[in-house]
There are 2 protein chains.
Amino acid sequence: MSNLPEDLPECMVFLLGKAYQKAHGDFSRRLRPYGLTNMQHLVLEGLWYQPGMTATELSKLLILDKATLSGVLDRMTETGWIIKQPDPEDRRIQRIYPSEQANRLKPNLIAQRQESNREILEHFSPEECILFKRLLRDLI
Amino acid sequence: MSNLPEDLPECMVFLLGKAYQKAHGDFSRRLRPYGLTNMQHLVLEGLWYQPGMTATELSKLLILDKATLSGVLDRMTETGWIIKQPDPEDRRIQRIYPSEQANRLKPNLIAQRQESNREILEHFSPEECILFKRLLRDLI
DNA sequence: TCTATATCCTTTGCATACAAACAATTTTTT
DNA sequence: AAAAAATTGTTTGTATGCAAAGGATATAGA
């Protein structure tokens with residue numbers, strides 16, 4: 001009834017989880033010297049794309065829970081990666097900006113993501129890469 | 001330099017993370033009525049495959065951190081899904097078994113995983129499914 | 001205008017994740 | 001056998017991840 005070793009490699013939740021685990025771990029190690037986590041890096045990329053977004057906007061762009069984001073933003077404010085500014089129009093809102101420090105490191109940080117991506121895909125042919133991404137996008 | 005909306009769909013860490021997020025969420029909802037989490041379900045499948053494994057063995061089979069597993073096993077003992085028995089040969093070791101309750105629900109639980117898997121893959125052709133799994137396995 | 005509803009964000013509670021340090025116990029070395 | 005090294009599992013600390021509830025504020029509708 002249960003043949004785990006044969007079933008696991010067929011189980012998508014497991015495969016996706018482990019593939020993510022590996023990619024996440026690799027990127028994570030790359031970011032460690034900067035004192036940034038993957039999630040925090042992602043937030044910065046979002047803010048570089050559009051500075052001054054609200055938490056809700058960021059949450060939608062990055063497809064992540066607002067409760068999770070709330071904590072992430074707190075820590076990033078503490079560590080000086082971002083700056084929160086109250087919105088004069090709507091007192092419920094805080095607009096979020098990358099800090100100077102973040103902007104200084106922007107080229108290096110973006111390069112790290114690109115490198116990490118290359119590393120993950122280096123064992124696949126260009127056609128496989130395209131297909132792989134399409135399959136993942138279709139799943140999401 | 002940073003064109004997030006164009007880059008995100010190309011970034012493997014992001015794609016893998018979101019694909020996993022979705023698959024995990026789906027399976028999670030399926031398991032909620034049983035009071036089981038995805039991880040706990042995975043542990044049970046491991047123990048059904050080979051009852052009496054040690055935490056270290058389970059940790060290797062399921063590719064997960066021993067510190068994480070330690071907490072999972074604690075909660076599963078509390079909630080009566082597994083049973084820990086000391087090993088008479090080696091006092092460092094505890095052998096782990098699925099409980100009666102777990103065994104009773106085994107057919108239903110395994111069916112849930114299979115259903116969840118089908119649901120995730122239903123938008124892909126049989127060839128795509130095979131390829132998708134191969135790509136994920138090669139990545140791991 | 002005043003109340004009901006909606007929005008934004010935070011907080012709480014629980015469950016992973018994983019690095020690092022540890023205690024207990026075995027195994028290996030010398 | 002005594003000391004050193006390795007193994008097993010737990011604990012601690014930090015960071016997600018998400019459901020659910022809550023507080024503050026804004027908007028809509030009567």
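Scope of the values below: all heavy atoms of this structure, side chains included, with no hydrogens, waters or symmetry mates. By convention in this document, chain letters (A, B, ...) are assigned in the order of the sequence lines, proteins followed by strands, and residues within each chain are numbered from 1. All values derive from a computational prediction rather than experimental measurement.
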Among [options], which is the nearest nucleotide to the side chain of [X]?
X        : options                   : result
Arg32(B) : dA19(D), dG9(D), dA17(C)  : dA19(D)
Thr68(B) : dT11(D), dG9(D), dA17(C)  : dA17(C)
Arg91(B) : dT25(C), dC9(C), dA15(C)  : dT25(C)
Met39(A) : dT8(D), dT16(C), dT16(D)  : dT16(D)
Arg92(B) : dC18(D), dA15(D), dA24(C) : dA24(C)
Asp74(A) : dT26(C), dT10(C), dG17(D) : dT10(C)
Gln21(B) : dT16(D), dT11(D), dG17(D) : dG17(D)

[X] side chain N/O closer than 4.0 Å to the phosphate oxygens (OP1, OP2) of [N]?
X        : N       : result
Gln40(B) : dT16(C) : yes
Thr37(A) : dT16(D) : yes
Lys84(B) : dT10(D) : yes

Exercise. In terms of the angle between their ring planes, are Tyr20(B) and Tyr20(A) parallel, tilted or perpendicular, with boundaries placed at 30° and 60°?
Worked result: parallel

Problem set entry | Short N-O contact, Arg95(B) and Asp90(B), less than 4.0 angstrom | no

Starting from [atom2] on [N], measure out to [atom1] on [X] and report it in whole angstrom.
X        : N       : atom1 : atom2 : value
Asp65(B) : dT14(D) : CG    : P     : 17 Å
Leu64(A) : dA19(D) : CG    : P     : 12 Å
Gln85(A) : dC9(C)  : CD    : P     : 14 Å

Exercise. With a 6.0 Å cut-off on ring centres, are His41(A) and Tyr34(A) close enough?
Worked result: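 No, ring centres 6.0 Å or more apart.
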
For this session: Identify, between Glu89(A) and Lys66(A), the residue whose nearest nucleotide on DNA chain D lies closer to the 5' end.
Result: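 Residue closer to the 5' terminus by nearest nucleotide: Lys66(A).
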
